[in-house]
Amino acid sequence: MYTIKTESAFDSAHFLYGYEGKCRNLHGHRWKIEVEVGCSTLHEKGQERGMLVDFSALKVAVRGLADRLDHALIYETGTLKENTLCALQEEGFALIAVPFRPTAENFSKYVYDEISGQGFQVVRTVVYETPNNCASYVPPLEDMR
């Protein structure tokens, strides 16, 4: 199988509702996401001849996702009080609600869903929460067909 990989990064804040440790508090990260796509064949004709996919198309997709998440408070739906949400919105803060606990593990599946939903054959996503700590998602074989 041929594979290519690209990466991008973004800064955002989150917290882990219901967690009994430091991460229950609002804090930020310099997240790095890596997306690897793969296929057993390369394009045989046209501009992409000899390529799996055009790197620039993959980079645009991954960068676009990172840009959407950049400099925002990412929080799990239902974990902030309505008054808190209203106050943050009144201050003009960028807020992104997600339907999952915003862990590196869940973000790795989220990145997979977002990029594969754009037509890329994603074989692995990796999300770094810190330079030394990351989580990855590899789809089941039946999803890669």
Side-chain angles (χ1 to χ4, degrees), residues 1-43 48 50-145:
M1 177 186 299
Y2 298 97
T3 65
I4 65 170
K5 179 173 71 171
T6 192
E7 62 186 51
S8 194
F10 63 96
D11 299 297
S12 71
H14 77 145
F15 64 96
L16 300 180
Y17 180 79
Y19 182 76
E20 296 300 323
K22 291 191 319 184
C23 293
R24 75 175 177 264
N25 292 310
L26 184 63
H27 62 284
H29 291 285
R30 174 73 172 164
W31 301 88
K32 182 173 91 169
I33 56 177
E34 296 178 351
V35 176
E36 186 173 358
V37 299
C39 190
S40 60
T41 60
L42 301 177
H43 289 282
E48 293 183 5
M51 297 179 186
L52 173 65
V53 299
D54 190 331
F55 261 114
S56 63
L58 181 59
K59 289 190 307 187
V60 165
V62 174
R63 181 75 245 159
L65 176 58
D67 286 348
R68 287 194 307 273
L69 299 171
D70 193 39
H71 282 78
L73 167 57
I74 302 171
Y75 68 97
E76 181 179 7
T77 303
T79 60
L80 289 174
K81 294 178 181 174
E82 193 61 37
N83 289 345
T84 302
L85 280 173
C86 288
L88 291 170
Q89 289 167 340
E90 283 180 15
E91 294 294 336
F93 289 110
L95 305 172
I96 299 173
V98 293
F100 54 82
R101 195 180 210 190
T103 62
E105 296 89 339
N106 282 329
F107 272 127
S108 66
K109 175 68 164 68
Y110 175 78
V111 170
Y112 167 83
D113 290 341
E114 290 291 312
I115 302 301
S116 64
Q118 295 180 46
F120 293 97
Q121 185 64 47
V122 179
V123 298
R124 179 186 201 90
T125 56
V126 181
V127 173
Y128 284 83
E129 188 175 86
T130 71
N132 299 318
N133 299 312
C134 66
S136 63
Y137 179 78
V138 177
L141 286 177
E142 59 269 11
D143 290 356
M144 294 177 59
R145 294 182 182 154

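These figures come from a predicted structure and were not determined experimentally.
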Practice task
Carefully, step by step, assess I115 and T125 under the rule side chain to side chain contact (heavy atoms under 4.5 Å, CB included).
Solution key: CA-CA 9 Å; I115 302 301; T125 56; 5.9 Å; no
Practice task
Could you please spell out the steps behind the side chain to side chain contact (heavy atoms under 4.5 Å, CB included) verdict for F120 and V35?
Solution key: CA-CA 10 Å; F120 293 97; V35 176; over 6 Å; no
Exercise for the section: Test Y137 against D113 for side chain to side chain contact (heavy atoms under 4.5 Å, CB included), laying out the working first. Expected result: CA-CA 10 Å; Y137 179 78; D113 290 341; 5.7 Å; no
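A donor-acceptor pair under 3.5 Å is formed between the side chain of D70 and the backbone N or O of D11. Using a distance-only test at 3.5 Å, with no hydrogens or angles considered, no donor-acceptor pair links the side chain of S12 to the main chain of H71. Of the possible donor and acceptor atoms, one in the side chain of R63 sits under 3.5 Å from a partner among the backbone N and O of A9. Not a single donor-acceptor pair under 3.5 Å links the side chain of T77 to the backbone N or O of A97.
Taking each heavy atom of T84 and L80 in turn, the nearest pair found is CG2-CD2, 4.2 Å. Across V126 and S136, no two heavy atoms sit closer than the pair CG2-CB, 3.9 Å. What you find for A13 and L26 is that their closest heavy atoms are CB-CD1, 4.0 Å. Annotation for C39 and L52: closest pair CB-CD1, 3.1 Å, computed over non-hydrogen atoms. What you find for I33 and F10 is that their closest heavy atoms are CG2-CE2, 4.1 Å. A pairwise comparison of heavy atoms in G38 and V123 identifies N-CG1, 3.8 Å as the closest pair.
Interatomic distance, NE2 of H29 versus OH of Y128, reported as 15.0 Å (0.5 Å rounding). With rounding to the nearest 0.5 angstrom, the CD atom of E129 is 5.5 Å from the NE2 atom of H27. For the atom pair CZ of R68 and CG of L65, the computed distance is 5.0 Å after rounding to the nearest 0.5 Å. Within the model, atoms NZ of K5 and CG of L58 stand 11.5 Å from one another, a figure rounded to the nearest 0.5 Å. For the atom pair I74 CD1 and Y110 OH, the distance stands at 7.5 Å (nearest 0.5 Å). Here the straight-line distance linking atom CD1 of I4 with atom CZ of F55 works out to 4.0 Å at 0.5 Å rounding.
The number of heavy-atom neighbours closer than 6.0 Å to NZ of K32, taken from other residues, nucleotides and ligands shown, is above 12. When the shell of 6.0 Å around CZ of R101 is examined, it contains more than 12 heavy atoms from other residues, nucleotides or ligands.
One side chain, S56 or D54, offers a donor N or O that lies under 3.5 Å from an acceptor on the other.
The shortest side-chain heavy-atom distance between R124 and T3 does not fall under the 4.5 Å cut-off.
For F107 and F100, the ring centers are positioned less than 6.0 Å apart.
Between W31 and H14, the two ring planes are perpendicular [angle over 60°; tilted spans 30° to 60°].
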